[in-house]
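Have a look at the structure below, then the notes.
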Amino acid sequence: MPDRLKTLLSHLRMDLSPLRTSSDFRLLFGSGAIGMFGSFLSMIVLPLQMYELTRSTLNVGLMSLAEFVPMVVCGLWGGAIADALDRRKIVLYTEVGLCLAVAALLVNAMLPDPQVWVLYVMGALVAGLGSLQRPSLEALTPQVVRHDQLTAAAAISSFRWNLGAIVSPALAGLIFSWYGAAAAYAINIVTYAASLGLLWLIRARPPAEHTPPASLRSMVEGVRYAVSRRDLMGTYLVDIAAMIFAFSTALYPLIAERFGGSQWAGLLFSASAVGSLLASLTSGWTARVHRHGLGVILAAAGWGGAVVLASLMPSLWGVLAFLALAGAADMISGIFRATIWNQTIPNELRGRLAGIELLSYMTGPMLGNARAGFMEQLGGWRFSLGAGGALCLAAVGALAAWLPSFRTYDARTDEHALREKARREAAEAADHPKPA
């Protein structure tokens, strides 16, 4: 094999060093892989069950609105407690709560006449508990991985997420068609139990010294820090705009029906994750990129453009292909956003900022699904998908022009990135002093 080809392949190959060097990161990865598999089953079956019971894409979209308020409140509060308490304990307690919520969905699904209101209430509860948990999970990664491995850790975490997003939706569609919603919820409960076992083995992660207790004041402090940094605001705003205008999974049950039946819904839900998985498997090159803000902008524009093209495809396979391309672009955006967050935010603020990050990448999809449902009522699914992608392109372009400091961000020269790198290197040197 020519040397140049070997070099190219080595640059594309995923960097697995965080898994080799950190036992706690391995436990997080394993727990997340198991938990994501089960969670995606419920995530996909909930809208499928809602559509089956109501035959309305509007009701499917309204589920996202029901989840929005608890997601916002619990996301911000989850960030505050992640900085004030032991992050491992928070993750364990919320995992138990999620298991109980899915158990309620299982009981409802087994009734002769499942209640729609239970789907709204339990969906909102799952969104709230997940938002309470996510900041602690996100804040754990920088504590268990070396500074120079954070981009690789982001790619590995995205790979784990995307693998679950590919396998689980496809299985969910089949399980729902063959056995009903109850079977998917039962599998989800089993996965939560296995995930809890791995999380229990992670070492305790007490809060940093002098961290204020969780309070409204500490939450406001985190928001002020985020607003003071336009590079961080760029990561939030670009992603929110991209998701609001081009995220459209509420349309997938209808699109599947138009192309032959609900058995195709799983493929639609999996398509973007297939592209994301391929992008993560070839993500080695991302560690050599330093202009992360520009990378986010270009990737978000690629996401919107691919969604526009998906809306124009005459066949299901054409739609799937461009949804996969959109997923690849979104994955690259996510890697660069996570790198900016993990390399520049101080540990004592990491939980609160993780709560804000959660809002940025959860708010957009939730509102995007509501938008997609309303626009489908106005002009059909192709209009909703295509117009949304075009609006995404316009919004990303406007934000790129409005936030020049985000567009020109460079990890090699940014003061926050350099300061955090020096802090982490000093802490690692203190923990592992060289022998005399």
Side-chain angles (χ1 to χ4, degrees), residues 43-44 46-48 50-51 54-73 75 119-120 123-124 126-127 130-131 165 169 235-258 265 268-269 271-273 296-297 299-313 319 322-323 325-327 329-330 333-334 357-400 402:
M43 186 186 304
I44 300 306
L46 266 171
L48 288 175
M50 176 64 76
Y51 188 72
T54 65
R55 311 302 298 173
S56 169
T57 57
L58 181 58
N59 281 329
V60 176
L62 288 175
M63 287 188 69
S64 293
L65 288 183
E67 296 166 356
F68 179 72
V69 173
M71 186 271 294
V72 171
V73 174
L119 303 188
Y120 282 116
V126 168
S131 299
T235 65
Y236 306 145
L237 294 176
V238 167
D239 188 53
I240 289 173
M243 294 297 110
I244 286 178
F245 293 120
F247 191 88
S248 307
T249 60
L251 301 176
Y252 290 177
L254 174 62
I255 296 174
E257 189 175 77
R258 294 291 187 270
L268 287 164
F269 281 106
S272 63
V296 171
I297 291 168
W303 154 267
V307 169
V308 171
L309 294 173
S311 73
L312 303 175
M313 292 297 103
V319 174
F322 281 104
L323 288 179
L325 182 60
D330 185 49
S333 171
E357 292 153 20
L358 172 70
L359 299 187
S360 77
Y361 57 73
M362 293 295 287
T363 297
M366 287 182 174
L367 297 181
N369 265 336
R371 173 210 56 81
F374 282 115
M375 290 185 73
E376 189 277 328
Q377 298 288 309
L378 295 176
W381 71 265
R382 290 188 185 275
F383 168 74
S384 178
L385 202 62
L391 288 170
C392 167
L393 286 170
V396 169
L399 287 168
W402 181 52

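Any value given below was found using the heavy atoms of this structure, including those in side chains, with hydrogens, waters and symmetry copies removed.
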Original post:
Looking only at heavy atoms, which two atoms of V319 and A310 are closest? And how far apart?
Top reply: CG2-O, 3.5 Å

Original post:
Any idea which heavy atoms bring A250 and N369 closest together, and the distance?
Top reply: N-OD1, 2.7 Å

Original post:
Would you call the rings of Y252 and F269 parallel, tilted or perpendicular, where under 30° means parallel and over 60° means perpendicular?
Top reply: perpendicular

Original post:
Does the pair C392 and V307 meet the rule for a side-chain contact (heavy atoms from CB on, under 4.5 Å), with working shown?
Top reply: CA-CA 9 Å; C392 167; V307 169; over 6 Å; no

Original post:
M375 and S384: which non-hydrogen atoms are nearest, and at how many Å?
Top reply: CB-OG, 3.6 Å

**OP:** Check A390 against V308 and note the closest heavy-atom contact, atom names and distance.
**Re:** N-CG2, 3.3 Å

Original post:
CZ/F247 to CH2/W303 distance, rounded to the nearest 0.5 angstrom?
Top reply: 6.0 Å

Original post:
So how far is it from I255 CD1 to L323 CG, rounded to the nearest 0.5 Å?
Top reply: 7.0 Å

Subject >> Nearest heavy atoms of A66 and A124, plus distance in Å >> reply: O-CB, 3.5 Å

Subject >> Heavy-atom closest pair, residues L312 and R382 >> reply: C-NH1, 3.9 Å

Original post:
If you round to the nearest 0.5 Å, how far is CD1 of I297 from CG of L399?
Top reply: 8.5 Å

Subject >> Test log, rule side-chain contact (heavy atoms from CB on, under 4.5 Å), inputs R371 and S248 >> reply: CA-CA 8 Å; R371 173 210 56 81; S248 307; 3.0 Å; yes

**OP:** I would like to know whether L254 and Y51 meet side-chain contact (heavy atoms from CB on, under 4.5 Å); could you show each step before the answer?
**Re:** CA-CA 9 Å; L254 174 62; Y51 188 72; 4.2 Å; yes

Subject >> Derivation of the side-chain contact (heavy atoms from CB on, under 4.5 Å) call for D330 and M243 >> reply: CA-CA 10 Å; D330 185 49; M243 294 297 110; 3.6 Å; yes

Original post:
Say you draw a straight line from OG of S311 to CH2 of W381; how long is it, rounded to the nearest 0.5 Å?
Top reply: 7.5 Å

Subject >> Separation between CG of L251 and CD of E257, rounded to the nearest 0.5 Å >> reply: 12.5 Å

Subject >> Pairwise distance CE(M313) to CZ(F322) - rounded to 0.5 angstrom >> reply: 4.5 Å

